[in-house]
K.L.:
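Got a structure for you, written out below as C-alpha cells; questions coming shortly.
In what follows, chains are A, B, ... by sequence order, proteins preceding strands, each numbered from 1. Heavy atoms only: backbone and side chains are in, while hydrogens, waters and symmetry mates are out. Note that this is a predicted model, so its numbers are computed, not measured.
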Number of protein chains: 2
Amino acid sequence: MARKTHKSPEEAREAILDAAEAIIVDVGPAGLRISAVAKKAGMAHPNIIHHFGSRDGLVNAVADRIGHRATARITTAINEALTAAPEDRVKAITQVLDTSYQGDEGRAAVWMHMSGAKSSLKSNMQQIVELAHRFRKSLRNDANQENTNRLVMLVTLALVGEVVSGQGVKDALGFGDSEESRAHFRQWLAELLINLSDEQLATSLNTSPEIKL
Amino acid sequence: MARKTHKSPEEAREAILDAAEAIIVDVGPAGLRISAVAKKAGMAHPNIIHHFGSRDGLVNAVADRIGHRATARITTAINEALTAAPEDRVKAITQVLDTSYQGDEGRAAVWMHMSGAKSSLKSNMQQIVELAHRFRKSLRNDANQENTNRLVMLVTLALVGEVVSGQGVKDALGFGDSEESRAHFRQWLAELLINLSDEQLATSLNTSPEIKL
DNA sequence: GAATCTATTGACAGAACTGTCAACAGGATG
DNA sequence: CATCCTGTTGACAGTTCTGTCAATAGATTC
C-alpha cells in the first residue's frame, strides 16, 4: 500500500481534533491558535479552516467531542453500577467517580466551562444523582432525597475542584500527587458518600442539635 | 479644586488593575487585551504599558493583588475563628468558607490557576487545616489528623468547584442559584466538617467494616 | 514664574493571526 | 486513460494586538 497523503475527511477531522484538544488542555480555548494546531497535526493551516469553517467552529467541535465522549463513558459506568451486587457498592461508586472527566479531559472541560460553553453537565448530573439515591435507599429505605442531592453536589464540585487545583491542594496538605493518591482520594469520597447517615447530615440550620461524637 | 487629569501613580495603577481584573473575570488572562483595559479604564493604551511594562506585567500584577487580598481576608477570618467561643464554631467555620475567594475574585483566581500562575494557596491551606484540626480536637481530643486533612481537602476542592460550575450543578440538582442558596450550602459544609466523627471517616481501604446506619 | 518631572497620548512599526483564493494532487469513477 | 471530486497547500489580504517613540500637559519644586 502506497503512502497515503490524502486522508479521508473523518481521519483528517479526528487528527485535527486530537491536536486541538491537546492544545486546549494546556492553554485553554482562548489560547488556541490555528497555526499551532496545524503544526501539531502536521498540515497547513488553511486545511483546518477547510474542515471546520473557522477557528470557532473548531473550538465548538472539540467541546462537542469531549462532551459526547464523557457522557458516553459516564452513562455506561452508571449502568454497570446500577446492576452491581450490593457488596460491590463502594467499588461501583468509585468507578463512576473515576470515569467522570478524567485527567486531561477534565482540564479541557473546565476550560470550556469557564469560557462559557454549554455543557452536557445537566443530564449527567441527573443520572448520577439518581444512582446515588438508589444506593442510599438500598442502605436505608427512608433516605432523604435532599441530602442525596447535597452529597452529590459536594462530590461533584470536589471532583471539579480536583481538576483545577487538586495538585496544589494536595501539595499543601502533604498528600502525594500520584495517580494512586488521586484514586485513593476518590475511593475515600465514594465511601463517605455511601456511609454517611442522615443523622450526620441533619440540617441544623434552624435547630442546632448537639451531635454526639 | 480643578479637575485632575494626571493621577498619582498609585491611583493610576489601581484604576488599571480594577479594569484588568474585571476583564479577566469574564474572559481570563489569555483573553485580556490591553486596548480593552485602556478603554474600560478611560485612557490610552500606551499608558498601561508605561505603568506595568508589558501585558504580562499587568497580568502578573493582577494575580498578585488578588492573591494578597484574599490571603489577608482569609487570615483575619481564621484569626477571628480561633478566638471564637465554642458554641460559635459553625458560624466561625462558615465565616472562613465565606471569606475564601468570593464571587468574581474566585473566578479570577481559578483563571489564574488554570493558566499556571503561582498562587498563595499553600500557606492559606496550611492555616486552614490547622484551624480545622483545632476545632476537631476541641470536639474530640484524639481527632485523627489525616482525616482532618482529607476533610479540608474535600471542602477546599468543593469550594473551587463551586466557583467553576456551582451554578450549573445547582441548576441540574434543582437548587437555586441565589447568594442565599450558596451561603446555605457553605453552612451545610461547615456543619459537615465539624460534625463528622472519625468513625464515619475510618479508612476502610484495607479493612471494610460494615458501618451501621 | 521658570524649570523639572512624569503621567499621558497620537502615530507608527512590527508581529501574529484569521480567513480567502487560486492552484495542485491524490483517489475514485466511468 | 480521462474526468471529476475534494483534500491540501503557498501566497496574500486585512485585521488586531503589543510595544515604541516623540511630543504634550498636569503637577511639583525652587
K.L.:
Pull out every residue in residues 15-31 of chain B that has a heavy atom closer than 4.0 Å to any atom of DNA chain C, ordered by number, or say none.
P.N.:
none
K.L.:
Can you confirm whether the side chains of B:His68 and B:Arg73 place a donor and an acceptor under 3.5 Å from each other?
P.N.:
no
K.L.:
Give a yes or no answer on whether the side chain of B:Arg136 reaches the backbone of B:Asn144 with a donor-acceptor pair at less than 3.5 Å.
P.N.:
yes
K.L.:
Is there any side chain to side chain donor-acceptor pair (under 3.5 Å) pair reaching into residues 28-40 of chain A, and which pairs are they, with sequence neighbours excluded?
P.N.:
none
K.L.:
Which residues satisfy the side-chain contact (heavy atoms from CB on, under 4.5 Å) test with A:Glu21, sequence neighbours excluded?
P.N.:
A:Val62, A:Arg65, A:Ile66, A:Arg69
K.L.:
Ignoring hydrogens and angles, does a donor from either the side chain of A:His6 or the base of C:dG26 sit under 3.5 Å from an acceptor on the other?
P.N.:
no
K.L.:
So how far is it from A:Glu80 CD to A:Thr75 OG1, rounded to the nearest 0.5 Å?
P.N.:
11.5 Å
K.L.:
Which residue pairs satisfy the side chain to side chain donor-acceptor pair (under 3.5 Å) criterion with at least one member in residues 164-175 of chain A, sequence neighbours excluded?
P.N.:
A:Glu162-A:Lys170, A:Gln167-A:Asp177
K.L.:
Taking only residues two or more places apart in sequence, or in another chain, which ones meet A:Glu87 in a side-chain hydrogen bond (donor to acceptor under 3.5 Å, both in side chains)?
P.N.:
none
K.L.:
For B:Arg150, is there any backbone N or O sitting under 3.5 Å from a side-chain donor or acceptor partner on A:Trp188?
P.N.:
no
K.L.:
Taking side chain to side chain donor-acceptor pair (under 3.5 Å) as the cut-off, I'd like each qualifying pair that reaches into residues 47-57 of chain A, sequence neighbours left out, listed once.
P.N.:
none
K.L.:
I'd like a table of atom pairs between the protein and nucleotides 13-15 of chain D - only N or O on both sides, under 3.5 Å - with the distance next to each one.
P.N.:
none

K.L.:
Not counting sequence neighbours, which residues clear side-chain contact (heavy atoms from CB on, under 4.5 Å) with A:Thr94? List them please.
P.N.:
A:Val90, A:Asp98, A:Gln187, A:Ala190
K.L.:
Which parts of residues 32-43 of chain A get close to DNA chain C, meaning a heavy atom less than 4.0 angstrom away?
P.N.:
A:Leu32, A:Arg33, A:Ile34, A:Ser35
K.L.:
Is there a donor-acceptor pair under 3.5 Å between the side chain of B:Trp111 and the backbone N or O of B:Val27?
P.N.:
no
K.L.:
Among C:dA7, C:dT9, D:dT8, which nucleotide sits nearest the side chain of B:Pro9?
P.N.:
C:dA7
K.L.:
A:Ala44: which residues meet the side-chain contact (heavy atoms from CB on, under 4.5 Å) condition with it, sequence neighbours left out?
P.N.:
A:Pro46
K.L.:
Using the side-chain contact (heavy atoms from CB on, under 4.5 Å) criterion, which residues pair with A:Ala61? Sequence neighbours excluded.
P.N.:
A:Leu17, A:Phe52
K.L.:
Where along residues 46-58 of chain A does a heavy atom come under 4.0 Å from DNA chain D, residue by residue in number order?
P.N.:
A:Pro46, A:Asn47, A:His50, A:His51
K.L.:
A:His45 NE2 to D:dG7 C1': how many Å, rounded?
P.N.:
16 Å
